[in-house]
Amino acid sequence: MAISEVELRRDTHTTPTKKNLNDLIRDLGLTKSNAELLTSSLKQWNLLDESVQVADPRKRHQPFCSFFTRQDGLFVCHNVTSLFEAIGIACNQNEWRLFTDSSSRSLKAVLLHNGNKYPSLLLAPSVHLKENYNSINILLDALRYDEYGWEVIGDLKIVAFPMGFQGGLTKCPCYLCLWDSRDTKPHYHRQYWPQRTEFSVGRNNVKWEPLVDPRKVLMPPLHIKLGLLKQFVRSVDKESAAFKYLHDFFPKLSEAKVKAGVFVGPHIKKILECNEFPNKLISKVKAAWDSFVAVVRGFLGNHKIVKLRGAG
Ligand SMILES: [Zn+2]
């Protein structure tokens with residue numbers, strides 16, 4: 001039986017509910033006052049379900065408030081399991097990784113979904129905590145890290161704190177091996193350094209008791225890329241056509257920065273997309289560049305050609 005178009009339209013016409021409105025506000029990324037303005041306008045035009053109140057957008061965060069507490073200058077989620085339950089997703093610690101980052105004034109911790117199916121979950125925004133061992137200790141303690149044991153990711157500076165490393169330019173900065181950063185002679189020749197098997201306070205730049213199992217620490221792909229590119233650019237002959245090209249390619253970067261290989265993520269993307277640059281390189285350097293591109297595209301990117309089989 002055919003239904004007339006008018007009937008169909010009337011059947012499917014529903015006024016948005018509180019949930020529809022909340023979804024829209026979140027997708028638009030509206031501030032609280034803008035969300036309130038939108039709600040009151042929609043309400044005036046009779047475009048909202050009767051149950052929706054104008055003040056609702058202001059209370060959107062309320063169901064989740066009870067899972068956060070303020071302590072030691074830190075606003076932190078003290079019950080991650082319940083927060084997951086309230087959002088409506090299973091709390092499986094193997095599916096998430098804990099990302100910490102900081103600026104000079106603040107420190108924050110976010111849960112990232114492995115595979116990025118879900119958006120990131122902010123667990124501890126702080127504006128007072130400094131980036132140091134104590135802050136990370138307080139943070140992990142408040143999050144009850146021991147119960148969850150997430151894998152941890154962050155740049156090498158941040159990772160050094162939960163590993164209990166002394167700050168600054170140390171002799172043994174690596175948490176995986178005993179690489180000697182001051183032994184410059186074999187820098188490019190020696191490939192094998194003994195693995196770090198123990199973390200004893202007072203030895204090999206370990207200053208405090210480690211807070212996290214080193215096997216739980218993930219290397220951030222971006223920083224691996226930045227490090228490799230830095231080493232590459234530093235070793236390129238400064239008088240060569242390739243270096244001059246690189247300098248002209250990033251006109252906003254000072255020559256000192258290009259010389260020191262100080263780049264950021266988007267620079268890497270730009271230079272990888274450039275077809276002209278590899279042509280300026282000479283044999284050995286070109287081979288090194290090709291290897292770098294292969295590692296970035298095949299191993300560190302989102303589409304890895306290396307498949308890791310099983311565990312171990
Ligand atoms: Zn190492």
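Atoms within a ligand are numbered from 1 in the order they appear, just like the ligands themselves.
- In this structure, W150 and F99 have side chains that are not in contact, with every pair of non-hydrogen atoms separated by 4.5 Å or more.
- If you look at H78 and F68, their ring centroids are not closer than 6.0 Å.
- With 3.5 Å as the limit, one finds no donor-acceptor pair spanning the side chains of N114 and E95.
- Ring to ring, F161 and W208 are not that close: their centroids are 6.0 angstrom or more apart.
- W193 places none of its side-chain heavy atoms less than 4.5 Å from the side chain of L178.
- Using bins of under 30°, 30° to 60° and over 60° for the plane-to-plane angle, the ring pair H113/Y118 lands in the perpendicular bin.
- Distances under 2.8 Å from the Zn ion (ligand 1) pick out the protein N/O/S atoms C174 SG, C177 SG.
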